[in-house]
Protein chains: 2
Amino acid sequence: MTKPARTSGFSPRNPRRTRERILSAALQEFALNGFAGARVDAIAQRAAINKRMLYHYFGNKERLFREVLRLKMVQRQAWAETLSGDPAESLSFWFEAACKDADWVRLLEWEALQNTDRRLIDKKNRRAATARGLERIRQRQARGLISSELDPRHVMLTMRSLTMFPAAFPQLTQLIMGRPVSDPRFQRERAAFLKKFAAAFHPLKHELPSKPMAQSKDT
Amino acid sequence: MTKPARTSGFSPRNPRRTRERILSAALQEFALNGFAGARVDAIAQRAAINKRMLYHYFGNKERLFREVLRLKMVQRQAWAETLSGDPAESLSFWFEAACKDADWVRLLEWEALQNTDRRLIDKKNRRAATARGLERIRQRQARGLISSELDPRHVMLTMRSLTMFPAAFPQLTQLIMGRPVSDPRFQRERAAFLKKFAAAFHPLKHELPSKPMAQSKDT
DNA sequence: CTTCCAAGTAACTTGGTGGTTACTTATTAC
DNA sequence: GTAATAAGTAACCACCAAGTTACTTGGAAG
């Protein structure tokens, strides 16, 4: 602990920056080509570092992949928690997020395909995040924003389906909608549709909120 | 054209059978590992044929992949057309189909990931099939099974999302539902949920079918 | 100054993988 | 029967990509 260890500047040595460059390049390569398709040399080149450093910092290709995935997961969760409100807003919001962060969706997709009975990466953390998500749904049910007749787990699965699918299957979306997923017109149109469609989650008229205004520590 | 060319039997030469064995083995390998991950030797071994024959019949790995994809596509379309009726039935039916035919979903997923701005395989055919699907939705709208206020394209995209997502993202489904997608209890439960949820597509009471009973050449 | 280790580089090894060569054998057309 | 072609085999090869070896250099601590 001598100097504040400036991380910027043009020092020829800069471990932090190198590590970050590798991670960022790896994210792009893995999102683009998946684990099997990604080339370590390509990552090194993209990061403008020597390939050897990649092994220095991460051991091997798979450990790097896991780290990339874990990191993205953490980032996502961080700002996932900040959101709440009624399904109409969440749906369109998450849909747009999925469209914007294609890397994220693609990583999950690669994970799904790779995960032939393998253990889940960062399991503990994700379990906790999911549990928190379910709890937030229950709170919305209590507040009468979502029908209490729907199982929170199914609500969550349904919402994920609706928001992620187009970004996950751009070729099918293009086929059906006649526009690429990246087209802003599609995104606006779909967001509008989801806002309408969110009514499916609302309570029916005859339903009364079970706890009209329980403790709402939700944002 | 001399003999009826018996395709069964133990003749040492059997082109048809060889071709089919390769395709079937390739389907499994590609569904499991994707294009980049699949090993030509593994396909040959699985098919119990000499690797050379694979090149004999299909030229190269990519052409084989495209053929596998095209074939699955055709098979799917064939019995896709046979179905109709109200969303409650279609949704749960297609959901179960997706769970049962994981290879199909996985292939689409690999395609989605691989398809970085590449041209779509079997485009023409799939366009036509999609158009027919949209037409069937319009017929159901005319018959009052689906709300006419919903854009058929969005209806289709939504249905696909709901039915394919769990099979496409088994790890997320497991995380949310606490059961593997393959678990029959999950499948039954989800099918039941979708039947209820299908109400979202139904017309509201105030809506009246625009063409109460137009020509319904739909099955 | 010099010691020591982390950061960094270039060239190499090794194994696997898509694709080929050179060949044999069955089937069919005439 | 036999020529021609399609079906099939084994061994091979060139290349590519993950991971290593052996080395140099910067910088902080004493």
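Proteins come first, then strands; the chains are lettered A, B, ... in the order of their sequence lines, and each starts at number 1.
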Sole residue of B:Lys123, B:Arg126, B:Arg106, B:Lys72 in salt bridge (Lys or Arg N to Asp or Glu O under 4.0 Å) with B:Glu111
B:Arg126
How long is the line joining CD1 of B:Ile43 and C1' of C:dT17, in whole Å?
12 Å
Of all pairs that satisfy salt bridge (charged side-chain N to carboxylate O under 4.0 Å, His left out), the ones with a partner from residues 171-183 of chain A, not counting sequence neighbours
A:Asp183-A:Arg185
Output side-chain donor-acceptor pairs under 3.5 Å for residues 58-71 of chain B, partner residues at least two apart or in another chain, one line each.
| unit_1 | atom_1 | unit_2 | atom_2 | d |
| --- | --- | --- | --- | --- |
| B:Asn60 | OD1 | B:Glu62 | N | 3.2 |
| B:Asn60 | OD1 | B:Arg63 | N | 2.9 |
| B:Lys61 | NZ | B:Phe35 | O | 2.8 |
| B:Lys61 | NZ | B:Ala38 | O | 3.0 |
| B:Glu67 | OE1 | B:Arg70 | NE | 3.4 |
| B:Glu67 | OE2 | B:Arg70 | NH2 | 2.9 |

Per the under-4.0 Å heavy-atom filter, residues of residues 22-39 of chain B near DNA chain D come out as none
Whole angstrom value for the distance that separates P of D:dA18 from CZ of A:Phe65:
14 Å
Using the side-chain contact (heavy atoms from CB on, under 4.5 Å) criterion, which residues pair with B:Lys196? Sequence neighbours excluded.
A:Leu150
Side-chain N or O of B:Tyr57 closer than 4.0 Å to phosphate OP1/OP2 of D:dG8
yes
Using atom OH of B:Tyr55 as one end and atom P of C:dT20 as the other, report the distance to the nearest whole Å.
8 Å
Residues passing the side-chain contact (heavy atoms from CB on, under 4.5 Å) test with A:Gln28, sequence neighbours excluded, are A:Ser24, A:Arg46
Applying side-chain contact (heavy atoms from CB on, under 4.5 Å), can you list everything that pairs with B:Thr173, at least two apart in sequence or on another chain?
A:Leu157, B:Pro166, B:Met177, B:Val181, B:Phe186
Counting side-chain heavy atoms from C-beta on, which of D:dA18, D:dA6, C:dG18 comes nearest to A:Val40?
D:dA18
Side chain of B:Lys61 only, please: which of D:dG19, C:dA7, C:dG18 is the nearest?
C:dG18
Tabulate protein N/O versus nucleotide N/O from nucleotides 9-12 of chain C, keeping only pairs under 3.5 Å, one per line.
| unit_1 | atom_1 | unit_2 | atom_2 | d |
| --- | --- | --- | --- | --- |
| C:dT9 | OP2 | A:Asn50 | N | 3.4 |
| C:dA10 | N7 | A:Asn50 | ND2 | 3.4 |

Going by the rule salt bridge (Lys or Arg N to Asp or Glu O under 4.0 Å), which residues pair with B:Glu135 if we only count those two or more places apart in sequence or in a different chain?
B:Arg138
Which whole-number value in Å describes the distance from A:Leu54 CG to C:dG8 P?
13 Å
Keeping to residues at least two apart or across chains, list the salt bridge (charged side-chain N to carboxylate O under 4.0 Å, His left out) pairs with something in residues 159-174 of chain A.
none
Can you tell if the side chain of A:Arg190 reaches within under 4.5 Å of the side chain of A:Glu96, non-hydrogen atoms only?
no
OP1 or OP2 of D:dG8 less than 4.0 angstrom from a side-chain nitrogen or oxygen of B:Thr18, does that happen here?
yes
